[in-house]
Structures are given as structure tokens and as C-alpha cells.
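The analysis underlying the following values was restricted to heavy atoms, covering all of them including side chains, and did not include hydrogens, waters or symmetry mates.
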Amino acid sequence: MNWDDLKIFLTLARTCRLSEAGKRLKIDHSTVSRRVKALEHSTSTVLFDRQPTGYTLTAAGQELLEYATKMEAIVLQAESNVGQQSERITGPVRIAAPDSIATFAIAGAAQKLCETYPYLQVEILANSQRYSLSKREADFMISVSRPKTGRLKIQKITDVSLHLYASEDFVASSPKFNTIYDLKKVRGIAYVQDLIPSEEFDYVPMLSPDFCAHLTSTSVHLQAEAISNGAGVGVMHDFMAKNYTNLVQILPEEFTLTKTLWGVVHEDYADITRIKTVSRTIIEHIQSNLND
């Protein structure tokens, strides 16, 4: 069985579309189709159900996927480790993390990694979308909720705190905040309600039924800028807020959130040198810097 054909099979199984598989592999989609057909011919087995909406694995395809995934992990491990010194760590590592974590916790570590290992390629997916590690959509993930399923290696990184913040000028010009219910008197800033990536980012129900978000955005950075510019009151990570000199906490004795950051890798790829090096460096950087 040809390993190159298996790589194409794996990519199509993960993307479900010829065009997307071809894009990832940097080959023409017709080549993907031809090589998959050749693999099916050599195994005398139909591996995919072909539908207008895409390719889905047959039962035989699912069985082959398990073997091909294990083979891929072995090949990647061999490529990563055999005959390489640490300073020659090469290849891409894709990291997925919420944009706030990516900006304030990963960017510095990524720079350090690139300077230390000039042949390493660090790719950062800075959003709150859920990525599949089993499909190799990401190699290492930082999550604010502990995954409950999958063959994953999970490590607690640290706890982070969130509070209500507003600018000094906004506080000076607003009614005094005595209780959480006073929030109904001021403008609120939060996520767009129907586009919140997951319930972990839905802070409004944790505040007060009287809190009304008048300015909303899918970008945590836009929310932070709006709060700093005096547009209203909103929830921010403390590690973000410390970068704005004009922000003050609002009612910290009444509202404090604590979230746990988890580092997640797939079991099959956790020991690949470049992935292990990148994940360890990022975790250590977060633990050393995020809650300073």
C-alpha cells in the first residue's frame, strides 16, 4: 500500500472535499480523485461514498482511517526525531486558541520559538472556533473548557480571572456603582448574543438580568477598545485589562469569574518533537507571564 496514496486518503477523509484536500496537499483536485480511485482499486474496496455535498467514509474507509492515522503518527515521529538535533526542529505546528489568549499569551512565546528554531513554522489560529485535533485541523489547542471526549492528552495550564471594567472617565461621569443592579443605569459592552462562540463566553447571564449590552462585537479586542474609550462597562480578562492604563475594576467584590485554561494535544501526535516543544514552550510562557 502506497504511503503517498494514504496521505491523500487521510486528507480527503478529514476535509470531505476534493478541492479542499487538493488545496491542503498543494496538488490538483483531479489528482486527489485519481489517487483515491487507485487506492480503492488496489484494495478492491470502496472507501468513500461520493455525494454532491462531499465525500464520506464507508465502513471500510473508517477501518482504514484508523490504520492510516497510526501510520501517519509513526511517520511524523520518525521524520521529527531520527537524525535531528533540537536546534534543527523543522516543520509546521498549528496552534488554536481564543484570540485574547493568542494575542496576550501566545504571541511572545511564538516569537521566542521562531528565534530559537529558525526552521520551525508556527501557525496561530486566533479565534474561538472549535477545531478537531483528530482531523489535524490543529496540532495543539488551548481551551477554556476541558474536552470530555477523544483520545487526547489534557493538561491544566492555569486559572485566569475576569472582572467588570470601565474607563476612569466613564466611571467619573456615571452614577455611582453600589451594587450589581446599578449596571442597568449604564451602557453595557459584550459579545453579539446570537454569535457567541460557546457558553463559556456568555458572561451576561452571570452578571445581572438588568445588564443590557448596547454595544456588541464578536471581537474581544474591539470590546476592550470600546471599554477603554469610555463606551461602557464590560467583562474583560485581567491579563488584558492590565495593558490599558485607564481602566478600573467595577464591583470586584460582587463579580469575579475564574476560568481554567487547558492545553490539549492528540495522543497520536503528542510525542512528535516539534509539537511537544511548541506546546511545552507555550504552556511555560503562559504560566510565567499571564498572571503577573
Chemist: Compare all side-chain heavy atoms of V160 with those of V144 and state whether any distance is below 4.5 angstrom.
Modeler: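 When only atoms from C-beta onward are counted, V144 and V160 do not touch, as no gap falls below 4.5 Å.
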
Chemist: Indicate every side-chain donor-acceptor pair of residues 220-227 with a distance under 3.5 Å to a residue at least two apart or in another chain.
Modeler:
{"residue": "H221", "atom": "NE2", "partner": "T103", "partner atom": "OG1", "Å": "3.1"}
{"residue": "Q223", "atom": "NE2", "partner": "S217", "partner atom": "O", "Å": "3.1"}
{"residue": "E225", "atom": "OE2", "partner": "Y244", "partner atom": "OH", "Å": "2.9"}

Chemist: If I take atom CG from residue L64 and atom OG1 from residue T43, how far apart are they, to the nearest 0.5 angstrom?
Modeler: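 That separation rounds to 7.0 Å.
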
Chemist: Between the side chain of D99 and the main-chain N/O of A126, is any donor-acceptor distance below 3.5 Å?
Modeler: no

Chemist: Is I282 reachable from M240 through a run of I, L, V, M, F, W or Y residues, each pair having side-chain heavy atoms under 4.5 Å apart?
Modeler: yes

Chemist: Within a 6.0 Å radius of atom NZ on K135, are there more than 12 heavy atoms belonging to other residues, nucleotides or ligands?
Modeler: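 Incorrect, the count does not exceed 12.
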
Chemist: Are L152 and I142 in one and the same hydrophobic cluster, where Ile, Leu, Val, Met, Phe, Trp and Tyr link if side-chain heavy atoms are under 4.5 Å apart?
Modeler: no

Chemist: Determine yes or no for a side-chain-to-main-chain donor-acceptor pair under 3.5 angstrom, with D28 supplying the side chain and S30 the backbone.
Modeler: yes

Chemist: How long is the span from the CZ atom in R136 to the CZ atom in R14, to the nearest 0.5 Å?
Modeler: 6.0 Å

Chemist: Between E72 and W3, does the side chain to side chain contact (heavy atoms under 4.5 Å, CB included) criterion hold? Intermediate values first, please.
Modeler: CA-CA 9 Å; E72 179 189 47; W3 169 239; 3.6 Å; yes

Chemist: Report the C-alpha separation of S33 and K37 in whole Å, then their side-chain angles, then the decisive distance to 0.1 Å, and conclude whether the side chain to side chain contact (heavy atoms under 4.5 Å, CB included) test is met.
Modeler: CA-CA 6 Å; S33 177; K37 287 179 181 177; 3.7 Å; yes

Chemist: Where the side chain of R94 meets the backbone of P92, is there a donor-acceptor pair that is under 3.5 Å apart?
Modeler: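 Here the side-chain-to-backbone pair does not exist.
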
Chemist: I'd like to know whether I154 forms a side chain to side chain contact (heavy atoms under 4.5 Å, CB included) with V264, so could you lay out the CA-CA distance, the side-chain angles of the two residues, the decisive distance to 0.1 Å, and finally the verdict.
Modeler: CA-CA 5 Å; I154 304 170; V264 188; 4.2 Å; yes

Chemist: Same cluster for F177 and L257 if Ile/Leu/Val/Met/Phe/Trp/Tyr side chains link at under 4.5 Å?
Modeler: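 Looking at the clustering, L257 is in the same group as F177.
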
Chemist: Which distance, rounded to the nearest 0.5 Å, do you find between the CG of L261 and the OG of S143?
Modeler: 8.5 Å

Chemist: Are F140 and Y269 near enough that their ring centres are under 6.0 Å apart?
Modeler: no

Chemist: Rounded to the nearest 0.5 Å, what separation is found between the CD1 atom of I106 and the CD atom of Q111?
Modeler: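 Nearest 0.5 Å value for the CD1-CD distance: 14.0 Å.
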
Chemist: Treating Ile, Leu, Val, Met, Phe, Trp and Tyr as nodes and any side-chain heavy-atom pair under 4.5 angstrom as an edge, say whether V265 and I101 lie in one connected cluster.
Modeler: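 Cluster IDs for V265 and I101 match.
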
Chemist: Mind checking the CG-OG1 spacing from L10 to T15? Nearest 0.5 Å is all I need.
Modeler: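 Going from CG on L10 over to OG1 on T15, the span is 10.5 Å.
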
Chemist: Does L57 share a hydrophobic cluster with M71, counting links as ILVMFWY side-chain heavy atoms below 4.5 Å and allowing steps through other members?
Modeler: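 Yes, it is one cluster - the side chains of L57 and M71 are joined through contacts under 4.5 Å.
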
Chemist: Do T116 side-chain atoms and L113 backbone N/O form a donor-acceptor pair below 3.5 Å?
Modeler: no

Chemist: With under 30° as parallel and over 60° as perpendicular, where do the rings of Y165 and H163 fit, or are they tilted in between?
Modeler: perpendicular

Chemist: Any idea which heavy atoms bring G61 and F9 closest together, and the distance?
Modeler: O-CZ, 3.4 Å

Chemist: Could you give me the CA-CA distance, side-chain angles and deciding distance for L164 and L183, then say whether side chain to side chain contact (heavy atoms under 4.5 Å, CB included) is met?
Modeler: CA-CA 10 Å; L164 279 166; L183 293 174; 3.8 Å; yes

Chemist: Would you mind writing out the side-chain donor-acceptor pairs for residues 17-27 within the sub-3.5 Å range, not counting sequence neighbours?
Modeler:
{"residue": "R17", "atom": "NH2", "partner": "T53", "partner atom": "O", "Å": "3.0"}

Chemist: Which heavy-atom pair separates P118 from E115 by the least distance, and what is that distance?
Modeler: CD-O, 4.4 Å

Chemist: Can you name the closest pair of heavy atoms from Y203 and H237 and give their distance?
Modeler: OH-CE1, 4.2 Å

Chemist: To the nearest 0.5 Å, what is the distance between CG (L47) and CG (L65)?
Modeler: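 The CG atom of L65 is 10.5 Å from CG of L47, to the nearest 0.5 Å.
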
Chemist: Determine whether M236 and L247 make a side-chain contact, defined as any pair of heavy atoms from C-beta on separated by less than 4.5 Å.
Modeler: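 Counting from C-beta outward, M236 and L247 do come under 4.5 Å.
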
Chemist: Using modelled atom types and a 3.5 Å cut-off, is there a donor and acceptor pairing between side-chain atoms of R274 and backbone atoms of I89?
Modeler: no

Chemist: Can you tell me if H266 uses its side chain to pair, donor with acceptor, with the backbone of D268 under 3.5 Å?
Modeler: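 Yes; judged by distance alone, with no hydrogens or angles, the pair exists.
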
Chemist: Say whether, by atom type as modelled, one donor and one acceptor occur between the side chain of N246 and the main chain of S228 under 3.5 angstrom.
Modeler: yes

